[in-house]
2 protein chains.
Amino acid sequence: MKEKIYVHVADDHKILIEGIIAVINTDKEIEIKGYSLTGQEVIDWFDNKENSADVLILDITMPVLDGFQVLKHFKKKKIDQKVIILSSYDDLKIVQEVLSLGCKGYISKNNAGEHIVNAIKAVAQGEQYFSTDIQSMLLKSLSGQMVPQGEMPDKFLLDSLTERELDVLKLITKEYSTIEMADLMNLSTNTVETYRKSLLKKLNVKNAVGLAMYAVKNKIV
Amino acid sequence: MKEKIYVHVADDHKILIEGIIAVINTDKEIEIKGYSLTGQEVIDWFDNKENSADVLILDITMPVLDGFQVLKHFKKKKIDQKVIILSSYDDLKIVQEVLSLGCKGYISKNNAGEHIVNAIKAVAQGEQYFSTDIQSMLLKSLSGQMVPQGEMPDKFLLDSLTERELDVLKLITKEYSTIEMADLMNLSTNTVETYRKSLLKKLNVKNAVGLAMYAVKNKIV
DNA sequence: TTTCTTCTCACTGTTTTCAGTGAGTTCCTT
DNA sequence: AAGGAACTCACTGAAAACAGTGAGAAGAAA
């Protein structure tokens with residue numbers, strides 16, 4: 001028999017906590033050790049030396065200190081608490097934010113039931129866990145298929161660039177010189193210069209730095 | 001009984017292909033349909049209308065058109081071929097590059113054996129698949145935990161920059177030339193050049209683009 | 001067939017950046 | 001008072017980027 005995994009749950013809706021407890025109780029390896037209804041309660045609970053949990057299930061939106069602030073508290077105090085975010089918002093920026101705050105898992109409430117047990121076990125073993133919809137979102141964002149809300153990439157200009165121009169643009173952002181690019185692409189330096197100048201003109205910037213910044217803004221790199 | 005999954009393998013080392021075939025043959029659901037030793041062969045094979053495969057296992061480094069170019073070919077021809085990259089390079093940039101080129105899976109050769117069958121099945125079903133080491137690398141990069149090998153942690157570098165150097169760095173990202181900066185800051189061009197060179201040295205990059213990219217990565221701009 | 005785009009390359013010149021070295025000033029700290 | 005860091009400037013030479021113009025080849029589209 002394996003060691004038990006102890007879990008603390010935090011969400012401002014008690015009915016949801018009860019649901020989670022019900023799901024978790026179906027698994028003999030996992031045991032609930034208390035719950036909290038606000039971020040403040042979470043912090044207080046863990047501040048008490050007598051309390052501890054292998055994994056903390058944490059909601060983002062809570063009154064009196066939200067999930068972010070709880071994570072920030074752990075980070076500030078250098079407490080290496082394993083946390084799984086249970087969120088209703090499938091927003092890339094939120095996911096990235098909590099990841100950078102050291103959380104180890106993220107599951108959306110939509111399909112929490114099917115994921116929560118596996119997530120707890122994975123995180124307890126030191127792995128990371130993301131529900132399938134979050135995973136696919138993360139991968140899309142990585143492969144540049146995602147459009148961050150608010151700032152639309154300049155589709156117009158972007159589409160006006162040819163394949164070769166894009167190749168050169170990418171290499172420029174990697175600090176390649178014209179000679180190096182020509183070498184790598186098996187082209188004449190004159191040709192690479194042509195693409196470089198064409199990029200400057202099309203994107204209406206005045207130097208290579210402008211090209212690089214454009215590439216960054218438009219998620220080409 | 002499920003439908004068979006047909007797979008084509010491409011790698012310039014025949015011994016590796018044989019190994020993969022051996023592993024795959026242990027699973028009755030999957031069947032090999034040909035192999036290629038160069039990127040050109042892959043393209044030719046798929047260009048032949050009589051040939052097809054549910055999944056293509058593709059090496060990156062190959063003579064006569066590498067994996068990148070094969071992916072580009074599919075993209076250009078708007079062929080929605082499911083591809084799993086089998087690479088010896090666990091480099092974030094490469095992973096991102098092939099992801100943006102539409103590949104659906106990425107496993108490193110280190111632990112290909114344990115992953116390849118699952119990868120094929122997952123991708124065949126339309127999912128994405130990444131071996132655990134690649135996954136953790138991707139997640140680290142997302143949460144900003146990635147520390148580029150060899151380099152000093154960026155906090156130190158960033159702190160080592162003086163006020164004036166930061167001023168110049170910011171202006172560089174705005175496409176200012178040395179003369180323009182000198183004018184704006186009421187300094188000699190020589191002075192601005194000094195800061196510029198100091199930045200290049202401290203941040204260990206080779207040109208202004210490198211400086212700009214550093215500034216972006218470290219949210220200076 | 002003609003037109004258009006893309007890709008390729010060349011030539012000439014100017015401007016800017018990069019590299020190395022040296023040095024005087026102020027201000028802060030020990 | 002001495003040392004160090006930051007700020008300032010100068011000079012030289014090489015390398016790279018930028019600017020403008022022109023043009024042939026291949027392929028797709030009208």
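Residue numbers begin at 1 in each chain, while the letters A, B, ... track the order of the sequences.
- Side-chain polar atoms of A:Tyr106 and A:Ser87 form a donor-acceptor pair below 3.5 angstrom.
- Residues A:Ser108 and A:Ser131 come closest through the heavy atom pair N-OG, 3.5 Å.
- Using a 4.0 Å heavy-atom distance criterion, A:Glu163 is classed as a sugar-phosphate-only contact.
- D:dA17 atom C1' lies 10 Å from atom CD1 of A:Ile172, rounded to whole Å.
- Around the CG atom of B:Asp80, the shell of radius 6.0 Å holds no more than 12 heavy atoms that belong to other residues, nucleotides or ligands.
- Counting only heavy atoms from C-beta outward, the side chains of A:Ile84 and A:Leu86 never approach each other to under 4.5 Å.
- Regarding B:Lys201, its NZ atom lies at a distance of 9 Å from the C1' atom of C:dG20, rounded to whole Å.
- Between the C1' atom of D:dC9 and the CE atom of B:Met185 lies a distance of 14 Å, rounded to the nearest Å.
- Residue A:Thr191 places its side chain closer to C:dC9 than to any other of C:dT21, C:dC9, D:dC7.
- Considering only heavy atoms from C-beta on, A:Lys202 comes within 4.5 Å of A:Thr162 through its side chain.
- Checked against D:dC18, C:dC11, C:dT8, the side chain of A:Tyr195 finds its nearest nucleotide in C:dT8.
- Scored by the salt bridge (Lys or Arg N to Asp or Glu O under 4.0 Å) test, A:Lys197 finds no partners at all (sequence neighbours excluded).
- A:Leu199 places its CG atom 13 Å from the P atom of D:dA19, with the value rounded to the nearest Å.
- Summary for the helix from C:dT1-D:dA30 to C:dT30-D:dA1: the axes at its two ends, each from 5 pairs, differ by 50° when rounded to the nearest 10 degrees.
- Within residues 174-182 of chain B, no residue has any heavy atom closer than 4.0 Å to DNA chain D.
- Closest approach to the A:Ala208 side chain among D:dA10, D:dC18, C:dC18 is made by D:dC18 (side chain taken as heavy atoms from C-beta onward).
- Atom CZ in B:Arg196 sits about 11 Å away from atom P in C:dA19, given to the nearest Å.
- Formation of a donor-acceptor pair under 3.5 Å by the B:Glu41 side chain with backbone atoms of B:Leu37 is found in this model.
- For the atom pair CG of B:Asn207 and CE of B:Met213, the computed distance is 11.0 Å after rounding to the nearest 0.5 Å.
- A donor-acceptor contact under 3.5 Å is formed by the side chain of B:Thr194 with the base of D:dC9.
- Here D:dC9 is the nucleotide among C:dT17, C:dC9, D:dC9 with the atom lying nearest to any side-chain atom of B:Asn190.
- Rounded to an integer number of Å, the gap from A:Asp167 CG to C:dC7 P is 9 Å.
- Between A:Arg164 and C:dT8, a side-chain N or O to OP1/OP2 separation shorter than 4.0 Å is present.
- What separates CD of A:Glu193 from C1' of D:dA19 is a distance of 10 Å, to the nearest Å.
- In the set C:dT8, C:dG20, D:dC7, the nucleotide with an atom closest to the side chain of B:Lys197 is C:dG20.
- Aromatic ring centres of B:Phe46 and B:His8 lie closer together than 6.0 Å.
- Nearest to the side chain of A:Leu200, among D:dT8, D:dC18, C:dC18, sits D:dC18.
- In this structure, A:Lys206 atom NZ and D:dC18 atom P are separated by 10 Å, rounded to whole Å.
- Here the CG atom belonging to B:Leu171 is positioned 10.5 Å from the OG atom belonging to B:Ser177, to the nearest 0.5 angstrom.
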